[in-house]
Structures are given as structure tokens and as C-alpha cells.
There are 2 protein chains.
Amino acid sequence: MQGRTALARKGSETRERLLEAAERAVLAKGFAATSIEELIAEVGITKSGFFYHFGDKGGLAKAMLERHLEHDRAILDDVFGRGDALNEDPLHGFLVGLQLLAEMLGQLKEAHPGCLAASFTYQDQLFNREVRDLNRSGVLAWRERFCTRFALIAERYPPRVPVDLDGLADMASTLVEGGLVLGRAMQDSAILPRQIRLYRDFVRAIFLPG
Amino acid sequence: MQGRTALARKGSETRERLLEAAERAVLAKGFAATSIEELIAEVGITKSGFFYHFGDKGGLAKAMLERHLEHDRAILDDVFGRGDALNEDPLHGFLVGLQLLAEMLGQLKEAHPGCLAASFTYQDQLFNREVRDLNRSGVLAWRERFCTRFALIAERYPPRVPVDLDGLADMASTLVEGGLVLGRAMQDSAILPRQIRLYRDFVRAIFLPG
DNA sequence: AAGTTACTGTACCGGCGGTAGAGTAATCTG
DNA sequence: CAGATTACTCTACCGCCGGTACAGTAACTT
């Protein structure tokens, strides 16, 4: 049992430790300013070892994004799952989910995947197609999640005026990305949760006017 | 006349040409991936010449940000000035201004200062305090502009429910920053203007309910 | 005539991303 | 037990890039 997976575990453990070190460093000072050499020094590995795992620095970016998209999905599943568990209604479950999301985003100060997504987006010429597609898929995941939910809500609460529901779906990720940028620029972690709460107010006003 | 400013003009012209080349390159592939050497090659200057003008790469970042904050302010003055010129009322002038802003942001595909602001925000450890403070001042300028406007509007159109007007002011820059990130990630320049139009709808719904 | 501005030219430095290729200990597979 | 695979190490090297040092200089200002 121990022997069976010792090497495989060692391999994936080293990789994982590299990703953790990279995450800390990148969130602190950006991807470009994070050197491979500092990562291998922290983990206690050689340069060859790094390139064995990731091929090049873009491979590291890709692995970091994959890791975070998964984490992202899990968080959204959690908050909206809990919102729906507390509420039969699709609208009110969603509103509770948004509230939970705001609280969650207020807690994790700056360790959000959006940081990575935005950061990579602005250096995307550095990376290969895979990284850009991954980034795209992250946005699409949010869009689809919110779009289907709004379609469900609109069935029960048809808005009296025509609303751009697709745009409203994108507004969630827009506010998260933008909120992270502003929060970072202003060193104020309260900005993002406040934006999410305003978004919740907006959604409520659309489907429950008056 | 000609002679009086020939040298000074030459100096500032070279600087300006460097900034223009840098802007193109940075918007295309990011700041870190833009080398000083490619800029001086384009402008036809030596490395010493570059460092004469900017001191170091952070100096270039600072100059780019300054240039763009000024441009930014001019655009906002323009659109909301035009909005107000077409309308006596502070709310309706603002709503027209937002519409004009959406149109303007739809036209300039990706050459917006927000790109720079966000890009620099995610590499800010690279830069000195000045660059970070400049970035901050950009956000604060938007916040103050919108806050005073909302105070003015709220006098004439007191909202029936309590609204987070400060958060609503920040929502504008949040949506612009986030919209640029998403627009870039998705290669879709329609995302940002749509978000601004949704913002306009939100503002209208708050002050003109029903 | 002296000083300032806006550079050029040369030479050099260390860090970084990346490559090449040989070697190896531990582990898995047949 | 043999052979293949995994997860690396070690050594040596490359070119680019940001940055420094410093001397020189043509155009222009005072």
C-alpha cells in the first residue's frame, strides 16, 4: 500500500508543492515577476525537475489555471447549492446564494482565481492557445450557470420590461473580475462583496419590482 | 520661432513616440512581454536614450499611466458634459452620459486605460509606490465623480429604499475594469458596452422605480 | 563663453527562461 | 528477476533582457 504509490505520490506531491509556491508568489507579485528559480529553491528541486513537470513557464500557468477553475466551480456549487437547499424558489435560492458568495469573497482577501484569470488575460500573448482557451472556458462556465438560472427564474417571475439576461449573467463575472482589480488597487477587500450585494439588489429589482 | 523650441520639441517628441510605441505593444502583449529593446528599435533611439527619458521600466509605466489617466478624465468630461448639455435634469443627463460612454467604449476596442490599470495592478510589486498611487488616484477620480453626481440626483429623486450610493459609484469603474477583462478573455468587444447599459438600467431603476 | 538638453557609443553585468544530454535511484509491470 | 517507467539530478551552456557606467557630442539657451 505504502510502496505501491510512493513514487507516484512523491511526483504529484512535488508538483503540488510547486503549484502552491507559485500561487503564493504570483498572487503577491504577479506572474512575470515570479521566477522559476525562486520556486525550485523553495521546494528544494532542480531546474531540470521543474521543466520535467511543466515543460515551460506557460505550462505552469496552465496548471495553475486548471487548479483554480476547479476550485472556482466547487465554490459556486457550494454557495448556490446551499442557497437552494435553504429555499424552494429558484429566485430566492439564487439571492441567498449571492449573499453567501459575497460573504465568501469578503473572506478570501485576494486569493481568488479571478486574480489569475485577469493577470493572465493581460499577458496572454505570452501563453499558448491552451491557456487562453482555459481562461475563456472559465468565463463561459459562469455565463452558462447564471444564464440557465435566469431562464428558470424568468419562467416564474417574468420581468415586466425586457431585460438583457445574457448581459446580466455576464455581469456576475464582470463584477468579480473588476471588484478584484479595484480591491487590489485600493487595498480594500470590502469593495468586491459590496459589488456582489449590489448585484443581488439589481437581480431582485428586476424580478421582484416594486 | 522655429529655432526656439526645436530641441525641446525633438525631446518631447521622442518621448511621446516611445510612449505611443509602448502603448501599442503593451496593449497587444502585456507590459512584462514588452521589451525596452523593441521600443527603441521602433523609435530609432539607443538604450541610453531610453534610460535618459524614463530612468527605468517603472518610469515608463508611470508615464503611460499618467498619460492615460488624463485621457480618461477628458473622455468622462466629454461624455457627461454632452449628456448634461442635452438635459437640464442631473439624472437624465447622467443617463444620457452613460449611454454615450457605452457607445464610446464599444468603439475603442481595447485601447482603454483600464487595460493598463488592471495590468499594472497585477504586477504592482514590480513598480514603485508612485505607480500604485497613480493607479489608486484613477479609481478615486471615478468614485468622486460618480458620488457627487449621485448625491445631486438623490436630492431630486430620493430613493424609496436605502441604497449603497458609494458602492454604486464604484460599480462604474468595477464594470469597466471587469468588462475589459472579460472582453479581452472572450475576444468580444460588445461585452463592456452591454455592461454599461445594464448599469444605466440599474441606476434608472433605483432613482425612477416602477 | 558656459551651461543645458537630448541624446550616441561602447562595454559590461547578473538574472532569467530555456535547452541538451547523460546519469540514476525507486518503483511498477510482465 | 528483467525491463520499462517515473521522477528526478548534475553539468554545461545559450541568448535575451533590464540595468549601469561613463565618456563624448551636436544643438540650443542664457
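When reading the values below, keep in mind they use all heavy atoms of this one structure, side chains included, and skip hydrogens, waters and symmetry mates. Letters A, B, ... mirror the listed sequences (proteins, then strands); counts begin at 1.
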For the pair made of [atom1] in [X] and [atom2] in [N], what is the distance, rounded to whole Å?
X: B:L18; N: C:dA6; atom1: CG; atom2: P; value: 13 Å
X: B:K57; N: C:dG15; atom1: NZ; atom2: P; value: 18 Å
X: A:I36; N: C:dG18; atom1: CD1; atom2: C1'; value: 8 Å
X: A:F51; N: D:dC10; atom1: CZ; atom2: C1'; value: 15 Å
X: A:F50; N: C:dC16; atom1: CZ; atom2: C1'; value: 12 Å
X: B:I45; N: C:dT5; atom1: CD1; atom2: P; value: 16 Å
X: B:Y52; N: D:dG19; atom1: OH; atom2: P; value: 19 Å
X: A:I40; N: D:dA7; atom1: CD1; atom2: C1'; value: 15 Å

Look for any protein N or O under 3.5 Å of an N or O in nucleotides 10-12 of chain C and output each such pair with its distance, or none.
none

*Taking the side chain as C-beta and beyond, is there a heavy-atom pair between A:L165 and A:C147 under 4.5 Å?*
no

*Would you say D:dC8 has OP1 or OP2 under 4.0 Å from some side-chain N or O of A:H53?*
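For A:H53, the contact criterion (side-chain N or O under 4.0 Å from OP1 or OP2 of D:dC8) is met.
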
*So, is A:T14 close to the D:dA7 phosphate, meaning a side-chain N or O under 4.0 Å from OP1 or OP2?*
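So the side chain of A:T14 is outside the cut-off, no N or O lying under 4.0 Å from OP1 or OP2 of D:dA7.
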
Atom pairs, N/O to N/O, protein against nucleotides 14-16 of chain D, distance under 3.5 Å?
none

_With no hydrogens and no angle check, just 3.5 Å: does a side-chain donor-acceptor pair link B:W142 and B:D72?_
yes

_Proximity to the side chain of A:D56 - top-ranked nucleotide from C:dC7, D:dC8, C:dG18_ =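 Nucleotide nearest to A:D56's side chain: C:dG18.
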
*Nearest non-hydrogen partners of A:F50 and A:I40, listed with the distance*: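 Where A:F50 meets A:I40 most closely, the heavy atoms are CB-CG2, 3.7 Å.
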
*How would you list, by chain and number, every residue that makes a salt bridge (Lys or Arg N to Asp or Glu O under 4.0 Å) with A:E103, sequence neighbours excluded?*
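A:E103: no salt bridge (Lys or Arg N to Asp or Glu O under 4.0 Å) contacts found.
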
*What residues form a salt bridge (Lys or Arg N to Asp or Glu O under 4.0 Å) with B:D77, not counting sequence neighbours?*
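Salt bridge (Lys or Arg N to Asp or Glu O under 4.0 Å) list for B:D77, sorted by chain: B:R73, B:R145.
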
*What orientation do B:F202 and A:F202 show, parallel under 30°, tilted 30 to 60°, or perpendicular over 60°?*
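Answer is tilted, since the angle falls between 30° and 60°.
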
*Between A:F80 and A:F146, is the gap from one ring center to the other below 6.0 Å?*
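Ring centroids of A:F80 and A:F146 are less than 6.0 Å from each other.
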
*asked:* So, using side-chain hydrogen bond (donor to acceptor under 3.5 Å, both in side chains) as the criterion, who are the partners of A:R149 when residues are at least two apart?
replied: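 By the side-chain hydrogen bond (donor to acceptor under 3.5 Å, both in side chains) rule, A:R149 matches A:D84.
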
*Could you tell me which residues satisfy side-chain hydrogen bond (donor to acceptor under 3.5 Å, both in side chains) with A:E20, sequence neighbours excluded, listed by chain and number?*
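With neighbours one apart ignored, the set is empty.
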
